[in-house]
Amino acid sequence: MRRALWALLGGGVLASAVPAAPAPEVLAQRTVTQAARTLAGQAAGEVHATVQLVRQGDALQARASLTGTLTGPAVVNGTLRLVDGNGQELTRSNPRQLAPLRAGQAAELVTPTTRATGEAPCVDAQLTVWSGAQAPGQDAAPPRGPELRPTVFALRLCPP
């Protein structure tokens with residue numbers, strides 16, 4: 001009996017009854033670049049913000065990824081919101097969510113997922129990159145580079 005069951009199950013390889021999650025599909029994406037400036041107005045690199053509306057199965061999520069060529073560490077915070085065609089908020093990221101931004105690494109902010117119903121919603125993004133004493137959270141320690149003016153990104157992204 002055991003051998004028959006063993007053979008039936010493929011010699012010990014158990015098949016999973018849980019289907020694999022579908023691959024994420026990017027419904028809309030926008031990248032914006034801004035110059036970072038010191039408090040004295042001098043150039044201190046660039047910050048690139050990429051905002052996406054992503055569908056995975058019947059779930060939607062807004063994602064923001066920030067990279068930069070800054071001369072020192074920084075921190076990113078802000079709000080991502082999914083809004084329907086009537087401006088009704090479907091979900092939003094935690095406005096206290098912080099992500100460190102360092103050379104060669106991306107800072108990521110996301111919304112909770114929400115169920116897709118009808119037409120795809122738009123993403124409202126309000127993101128700020130901070131450095132130095134005014135930075136929120138633990139990364140407010142003195143920077144290794146110059147203290148920067150906050151770099152602000154405000155954009156709306158809707159699928160075509």
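Please read these numbers as outputs of a predicted model, since none were measured by experiment.
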**Item:** Gap between atom CD of E147 and atom CG of L39 - 0.5 Å precision
**Value:** 5.0 Å

**Complete:** Of L155, V51, V54, V83, the one forming a side chain to side chain contact (heavy atoms under 4.5 Å, CB included) with V123 is V51

**Asked** Any side-chain heavy atom of V76 sitting closer than 4.5 Å to one from L98?
**Response** no

**Asked** How would you list all residue pairs meeting side-chain hydrogen bond (donor to acceptor under 3.5 Å, both in side chains) that involve residues 24-35, not counting sequence neighbours?
**Response** Q29-Q52, T31-T50, T33-H48

**Fill in**
Rounding to 0.5 Å, atoms CG (L101) and CG (N77) come to a distance of 12.0 Å

**Message:** Using a 3.5 Å distance criterion without hydrogens, assess whether the side chain of S93 forms a donor-acceptor pair with backbone atoms of L80.
**Reply:** yes

**Asked** Is there a donor-acceptor pair closer than 3.5 Å between any side-chain N or O of T91 and the backbone N or O of L82?
**Response** no

**Request:** State whether a side-chain donor-acceptor pair under 3.5 Å links T111 with Q61.
**Result:** no

**Prompt:** Rounded to the nearest 0.5 Å, how far apart are CG of L53 and CZ of R63?
**Reply:** 10.0 Å

**Prompt:** Would a 4.5 Å heavy-atom cut-off, applied to side chains only, mark E89 and D124 as touching?
**Reply:** no

**Request:** State the CG-CG distance between L109 and L66, to the nearest 0.5 angstrom.
**Result:** 7.0 Å

**Request:** Answer with yes or no whether the hydrophobic clustering places L157 together with L90; edges join I, L, V, M, F, W, Y residues whose side-chain heavy atoms lie under 4.5 Å apart.
**Result:** yes

**Asked** Taking the side chain from N86 and the backbone from Q88, do they hold a donor-acceptor pair closer than 3.5 Å?
**Response** no

